[in-house]
There are 4 protein chains.
Amino acid sequence: MTSGQRKSIPGRPRSDTTRQAILDAALELVGEVGYPRTTVDGIAQRAGAGKQTIYRWWSGKAEVVLEALTSNAARAIPLPDLGDLRSDLYAFLRATFRAGRRAGIVPVLKALMAEAQLDEAFAEAFRTRFLEHRREALAQLLRQYPDQLRTSEAVALDVVFGALWYRGLVGHAPLNDALARELTDLLT
Amino acid sequence: MTSGQRKSIPGRPRSDTTRQAILDAALELVGEVGYPRTTVDGIAQRAGAGKQTIYRWWSGKAEVVLEALTSNAARAIPLPDLGDLRSDLYAFLRATFRAGRRAGIVPVLKALMAEAQLDEAFAEAFRTRFLEHRREALAQLLRQYPDQLRTSEAVALDVVFGALWYRGLVGHAPLNDALARELTDLLT
Amino acid sequence: MTSGQRKSIPGRPRSDTTRQAILDAALELVGEVGYPRTTVDGIAQRAGAGKQTIYRWWSGKAEVVLEALTSNAARAIPLPDLGDLRSDLYAFLRATFRAGRRAGIVPVLKALMAEAQLDEAFAEAFRTRFLEHRREALAQLLRQYPDQLRTSEAVALDVVFGALWYRGLVGHAPLNDALARELTDLLT
Amino acid sequence: MTSGQRKSIPGRPRSDTTRQAILDAALELVGEVGYPRTTVDGIAQRAGAGKQTIYRWWSGKAEVVLEALTSNAARAIPLPDLGDLRSDLYAFLRATFRAGRRAGIVPVLKALMAEAQLDEAFAEAFRTRFLEHRREALAQLLRQYPDQLRTSEAVALDVVFGALWYRGLVGHAPLNDALARELTDLLT
DNA sequence: TCGTAACCGAGACGGTACGTCGTGTCTTCAG
DNA sequence: CTGAAGACACGACGTACCGTCTCGGTTACGA
């Protein structure tokens, strides 16, 4: 019955207060001065924490920011359910794009994607702890209408998130409702 | 009236030998130790050049690598012309993906895209000196068959390059002929 | 009957096992890696003790090592008594130097003397709990022959221990029998 | 005739301004907050120098302070020459003790001696660049009167500097004229 | 032919951030 | 209250790159 009740581990337990302070400080700093000018020292100082404490639980600022992003917000965009793929997909894309435009998360996400290119270990973390969740959300939506899609699920996901990230990263065109419209039309 | 032709500038002219040595050294180093562990010092040392010489002509390692990439190779993938969009687009995508898989340029491109996220000035350079060229190549192809495309040219470009970059950056799936096939089918 | 001795203090009494384990661990570590690379953490770990336990009873590694040194050994060099100052002093010095050369205590003493320079509180402890004992031993010897000494007792002590420590700390010359001989001749 | 003209070394030459600024800053800081609380960062900051510049030329704060001490001052106590050993030695000792009492160099010297105990490399530097100079000064004096000394030159030096350092390091008694008198009487 | 000016190599410089280490305090659970 | 365990705030360390600077030395051109 796996009655496994937690073996009480010895020693002082991790301070959740400090953990939260660090995550908050990270988000604040990133918001104020931007990701590249955010430093581990800076986060520690603002959080009233020691640098060591940060390095004990995270491997660097990228991981801290990633966790801050994914934990502070149960940032779930609710999946629409309007009965057909066209409507649901359009609603999903509009909502996603709008969420991106609203808060200052987009530059942070771009920076994390950048970090992932420069640091293989972080790439893995970013993929499994962030990207795949988003992918899975859309995948669930698509799976509801298996035969209304003009291409395979995998390619549909790559097309949607590809266009999304590509416009975001390159910045040559906005993520607006028109794009949502066109992608929807293309895929259904 | 200084009739417009270049006044011969005084002083020692720029050494093209050195320029080439720097670009070569940059590519070599990036190939050997990867972009993040490549340093301006390292490039200078390997090229037998002074650091100042690099900073005189480029703004940093990103620009050097970018120029090395775009200059060393007349890296033109010849545009196919098989008579219809389906064939041309498929050929184009296959050739592009294969070029990417072959040499070690892909990690470098990923790194440059990363750099562009962290440095606005370089982002501009990367966009105009690299990304737009690729975009324009495909755009020319698409413009030959204005009515065989299932979406606008702009979105088609974003879909193609989006999927391409997304798979490349995230690395969750390969850039293979199957993707070329599916994208072609989707867009035509 | 508990007649009037120590009121029994509440709580768990100090573990003498642990105390000894800490002192032993300290001496071992100092012997193995040297004083500067010995850390409080290291001592605690090797002793199977908590750091807090160390800080509860000592003020830092210097005090631990000092106590280890002075307690583990009833390191009394027996005072010679040969009947005249020359013989006694020479015997004393020879024995002292030899004791120093034998075991690995000398580097530790040097390190403690160093620590005393950097930490006023420890300087006091080192002086009263170690240095003065040695001084007092020789002083007793000297006082037996008050009129065979060519200088005051205080200066004689400083000359003997001065030369001793000076050669030990600087290391430009050995603490050998020749020195014992010359010092004896000089002082008597 | 060994006409050895300096081979011109390439690169920017070492900045003597910076070197001096660092040495000055080191002495100031040591004077203000004491040696143990002086940090390399602190020195660099006050000198307006980069930390790297310090580590390029010295191995740590101990070496910087040592050089500051030995270079900033042609701190030569002039050798007395009064015609006989008793007078000269007494004069030398009095002058030495007084010099020590006057400025705040004594604590620094104690700290350097401490450092030498904890760092073998620095010990060597301290010995050859400081201690031996002092030794040699007194040795010269002694050598003028080879037969007025009651012991060998080497032991005389150890007795004098031994008593001096011992009283300085332990601090149980002052370095005063009485000690100078007694040492002189003992040795002559 | 000689001066001026920009080039080039080398490498020192001021600076910022990094990640690690040791200290001494604290907070948990177990005796 | 002691003690093991270990997290915590703090502060210094030494290193790595950055982008700028300052040397001596080298081309080129034009006076």
Side-chain angles (χ1 to χ4, degrees), chain A residues 7-15 17-19 36-42 44-45 47-57 59-61, chain B residues 7-15 17-19 21 36-42 44-45 47-57 59-61, chain C residues 9-15 17-19 21-22 36-42 44-45 47-57 59-61, chain D residues 8-15 17-19 36-42 44-45 47-57 59-61:
Chain A
K7 209 33 198 333
S8 108
I9 29 174
R12 177 178 180 175
R14 177 173 184 184
S15 157
T17 314
T18 293
R19 174 179 170 278
R37 303 184 49 191
T38 297
T39 69
V40 175
D41 279 275
Q45 198 154 342
K51 243 197 311 181
Q52 189 70 248
T53 303
I54 294 183
Y55 283 112
R56 205 191 324 273
W57 302 108
S59 73
K61 72 167 167 170
Chain B
K7 242 342 235 340
S8 101
I9 21 175
R12 180 176 177 177
R14 177 174 184 184
S15 155
T17 316
T18 293
R19 175 180 169 278
R37 303 184 49 190
T38 297
T39 68
V40 176
D41 279 275
Q45 200 156 342
K51 256 202 300 180
Q52 188 65 273
T53 305
I54 293 182
Y55 282 110
R56 204 182 334 259
W57 305 108
S59 74
K61 72 167 168 171
Chain C
I9 17 175
R12 180 177 177 176
R14 175 173 185 185
S15 156
T17 317
T18 294
R19 174 180 170 279
I22 289 169
R37 304 185 47 189
T38 297
T39 68
V40 176
D41 279 277
Q45 199 155 340
K51 256 203 300 180
Q52 188 65 274
T53 305
I54 293 182
Y55 283 111
R56 212 191 316 274
W57 302 108
S59 73
K61 73 166 167 171
Chain D
S8 112
I9 28 175
R12 180 177 178 174
R14 177 173 185 183
S15 156
T17 315
T18 294
R19 175 180 169 277
R37 304 185 47 193
T38 296
T39 68
V40 176
D41 278 278
Q45 200 156 342
K51 246 200 305 182
Q52 190 69 248
T53 303
I54 294 183
Y55 284 112
R56 205 190 325 270
W57 303 108
S59 73
K61 71 167 168 170

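Side chains included, hydrogens not; waters and symmetry mates left out as well; all remaining heavy atoms used. The shown structure was predicted, so the numbers you read here are calculated from the model rather than taken from an experiment. Below, chains carry the letters A, B, ... as their sequence lines are ordered, and counting in each starts from 1.
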- Message: Return whichever of D:Lys61 or B:Tyr55 has its heavy-atom-nearest nucleotide of DNA chain F closer to the 5' end.
- Response: D:Lys61
- Message: I'd like to check the side chain to side chain donor-acceptor pair (under 3.5 Å) partners of B:Thr17; sequence neighbours left out, ordered by chain and number.
- Response: none
- Note on the structure: Rounded to whole Å, the CD1-C1' distance (C:Ile54 to F:dG3) equals 12 Å
- Message: My understanding is that only residues two or more places apart in sequence, or in another chain, count here; which of them pass side chain to side chain donor-acceptor pair (under 3.5 Å) with D:Thr39?
- Response: none
- Message: Which residues pass the side-chain contact (heavy atoms from CB on, under 4.5 Å) test with D:Arg12, not counting sequence neighbours?
- Response: none
- Query: Can you tell me how far P of E:dC18 sits from CZ of A:Arg37, to the nearest Å?
  - Reply: 13 Å
- With sequence neighbours left out, what residues match A:Arg37 under side-chain contact (heavy atoms from CB on, under 4.5 Å)? A:Val33
- Task: For A:Thr53, check side chain to side chain donor-acceptor pair (under 3.5 Å) against everything at least two apart and list the hits.
- Result: none
- Message: Under 6.0 Å from the ring centre and within 45 degrees of the ring axis: does the NZ or CZ of D:Arg14 meet both conditions for the six-membered ring of D:Trp57?
- Response: yes
- Item | Distance, rounded to the nearest Å, where A:Ile9 contributes CD1 and E:dA30 contributes P | 12 Å
- Mapping A:Pro10 and B:Pro10 to their closest nucleotides on DNA chain E, which lands nearer the 5' end? B:Pro10
- Separation of A:Asp41 atom CG from E:dG19 atom C1', in whole Å? 10 Å
Would you list the protein and nucleotides 8-11 of chain F atom pairs, both N or O, that sit under 3.5 Å from each other?
unit_1 : atom_1 : unit_2  : atom_2 : d
F:dC8  : OP1    : A:Ser15 : N      : 2.9
F:dC8  : OP2    : A:Arg56 : NE     : 3.4
F:dC8  : OP2    : A:Trp57 : NE1    : 2.6
F:dA9  : OP1    : A:Gly48 : O      : 3.2
F:dA9  : OP2    : A:Gly50 : N      : 2.9
F:dA9  : OP2    : A:Thr53 : OG1    : 2.8

